[in-house]
Amino acid sequence: MTEQLKIHPRTSALIVLDLQRIIVEGEAGPPTAAEKEALLSRNARLIAGARSAGMRVIYVRNGFRKGYPEVSSRNKAFSSIRERDRFPDDAEGSQIHPAVAPHPDDVVITKHRVSAFYGTELDMILRANGIDTLVLAGIASSRVVLSTLRYAADADYSLFVAHDCCSDSDPDVHDLLVKKVFVRAGMVLSADEILAVLNGPAKG
């Protein structure tokens, strides 16, 4: 199957979603330490392969100013985040997990809602760099990955999801999304399959 696929690195970007310490190590991440380590290892391998192929790597993270001025009292989910002081912008837990840390040439975008696109400069950066294809990875499958995928599909990006580089606190929901929902918007592949496409004859 992968022999027929093409991912051109110069017009593609790997979008690494919410792989922050507090998320990976918390309830939203994989349930066991071994599974967390495996998820990070797969993401690290995919990120390294994308960089090696010349693909732009873009990280998206949650972060808020002191006092959470970005959060409306009408927003139930984010009001809870404000009340728990969950993602202060400069806190150690809000930073990208060191196992998949950004390089100086990578782009890091801070968001204030679920989707990587809503209220951020992501779309502008992608279009400014002639990027029309996205590879998505991150936590959680039912939140940032799904929300970002749906916007990107409506915005006419070609989409790939690295399913084993995504995770959800509910494995059944993750499996449903991977098998029934994500496939309606793009190609769902493993990290190794995506790397095989990048390293194949379509490279460049």
Side-chain angles (χ1 to χ4, degrees), residues 5-20 23-24 28-29 39 43 46-47 50 55-64 68 70-72 74-82 86-87 89 94 96 100 102 106-170 173-189 191 194 197:
L5 297 175
K6 295 182 179 180
I7 300 177
H8 297 285
R10 293 174 187 168
T11 57
S12 303
L14 171 61
I15 312 297
V16 183
L17 299 162
D18 290 6
L19 287 185
Q20 297 164 261
I23 294 178
V24 175
L39 177 70
N43 270 279
L46 180 61
I47 292 166
M55 179 187 290
R56 184 175 290 278
V57 178
I58 299 176
Y59 292 79
V60 182
R61 60 184 285 275
N62 299 285
F64 298 89
Y68 292 75
E70 304 91 350
V71 176
S72 168
R74 296 184 297 276
N75 190 311
K76 180 179 179 181
F78 283 85
S79 290
S80 175
I81 287 173
R82 179 180 59 193
R86 186 163 168 77
F87 292 106
D89 193 54
S94 299
I96 304 298
V100 291
D106 297 332
V107 175
V108 180
I109 291 173
T110 299
K111 66 183 177 71
H112 311 302
R113 293 295 184 271
V114 176
S115 171
F117 284 97
Y118 188 85
T120 75
E121 64 270 44
L122 177 57
D123 192 64
M124 178 177 65
I125 289 172
L126 295 172
R127 297 190 187 283
N129 287 274
I131 292 169
D132 57 23
T133 300
L134 308 181
V135 177
L136 304 182
I139 301 175
S141 306
S142 60
R143 288 182 58 79
V144 66
V145 180
L146 174 61
S147 184
T148 301
L149 177 93
R150 287 307 329 152
Y151 181 99
D154 285 343
D156 299 327
Y157 287 99
S158 295
L159 290 165
F160 292 80
V161 178
H163 66 81
D164 57 349
C165 289
C166 300
S167 179
D168 199 275
S169 58
D170 188 331
V173 170
H174 171 79
D175 289 343
L176 174 66
L177 289 169
V178 165
K179 296 174 182 177
K180 300 291 186 180
V181 179
F182 293 170
V183 292
R184 297 178 181 178
M187 295 296 303
V188 178
L189 303 173
I194 290 172
V197 175

Got L39 and I139 here, is their nearest side-chain heavy-atom distance under 4.5 Å? yes
D170: partners by side chain to side chain contact (heavy atoms under 4.5 Å, CB included), with sequence neighbours left out: D168, D172, V173
Could you state the interatomic distance from CZ (R10) to OG1 (T133), rounded to the nearest 0.5 Å? 14.5 Å
Holding to ring pair (Phe, Tyr, Trp, His ring centres under 6.0 Å), I want the full list of residues that pass it with F78, two or more places apart in sequence or in another chain. none
So which heavy atom on L46 is nearest to which on C165, and how close? CD2-SG, 3.9 Å
Please assess I125 against I109 for the test side chain to side chain contact (heavy atoms under 4.5 Å, CB included), listing each intermediate value before the final yes or no. CA-CA 10 Å; I125 289 172; I109 291 173; 4.0 Å; yes
CG-CZ distance between L126 and F117, expressed to the nearest 0.5 angstrom: 5.5 Å
So how far is it from I58 CD1 to L122 CG, rounded to the nearest 0.5 Å? 5.5 Å
Here the gap from R56 atom CZ to I131 atom CD1, rounded to the nearest 0.5 Å, amounts to 5.5 Å
Without swapping roles, check the side chain of Y59 against the backbone of L19 for a donor-acceptor pair under 3.5 Å. no
Pair listing, salt bridge (Lys or Arg N to Asp or Glu O under 4.0 Å) test, anchored in residues 109-121, at least two apart: D18-K111
State, with a plain yes or no, whether a side-chain heavy atom of N62 is found less than 4.5 Å away from one of R86. no
Using a 4.5 Å cut-off on heavy atoms from C-beta on, say whether the side chain of V60 contacts that of T120. no
Taking only residues two or more places apart in sequence or in another chain, which ones pass side chain to side chain contact (heavy atoms under 4.5 Å, CB included) with T11? H8, D132
N/O donor-acceptor pairs under 3.5 Å from side chains in residues 143-163, not counting sequence neighbours:
residue : atom : partner : partner atom : Å
T148    : OG1  : A116    : N            : 3.0
T148    : OG1  : V144    : O            : 2.7
Y157    : OH   : D123    : OD1          : 2.7

Under 3.5 Å, which donor-acceptor pairs link side chains of residues 174-187 to any protein atom two or more places apart or in another chain?
residue : atom : partner : partner atom : Å
H174    : ND1  : S141    : OG           : 2.7
R184    : NE   : K180    : O            : 3.1

Minimal non-hydrogen separation, V100 against I96, with atom names: O-CG2, 3.6 Å
Contacts of D89 that satisfy salt bridge (Lys or Arg N to Asp or Glu O under 4.0 Å) - sequence neighbours left out: R61
CZ of R82 to OG of S72, rounded to nearest 0.5 Å, is 7.5 Å
Between S79 and V71 the two heavy atoms that sit nearest each other are N-CG1, 3.7 Å
Of the non-hydrogen atoms in I194 and I7, which two are nearest, and what is the gap between them? CG2-CD1, 4.1 Å
Tightest non-hydrogen contact, residues A191 and D164, listed as N-OD1, 2.8 Å
Interatomic spacing from CD1 in I81 to CD in E70 - rounded to 0.5 Å: 11.5 Å
Tell me, which pairs form a ring-ring contact (aromatic ring centres under 6.0 Å, His included) where one or both residues lie in residues 124-148, sequence neighbours left out? none
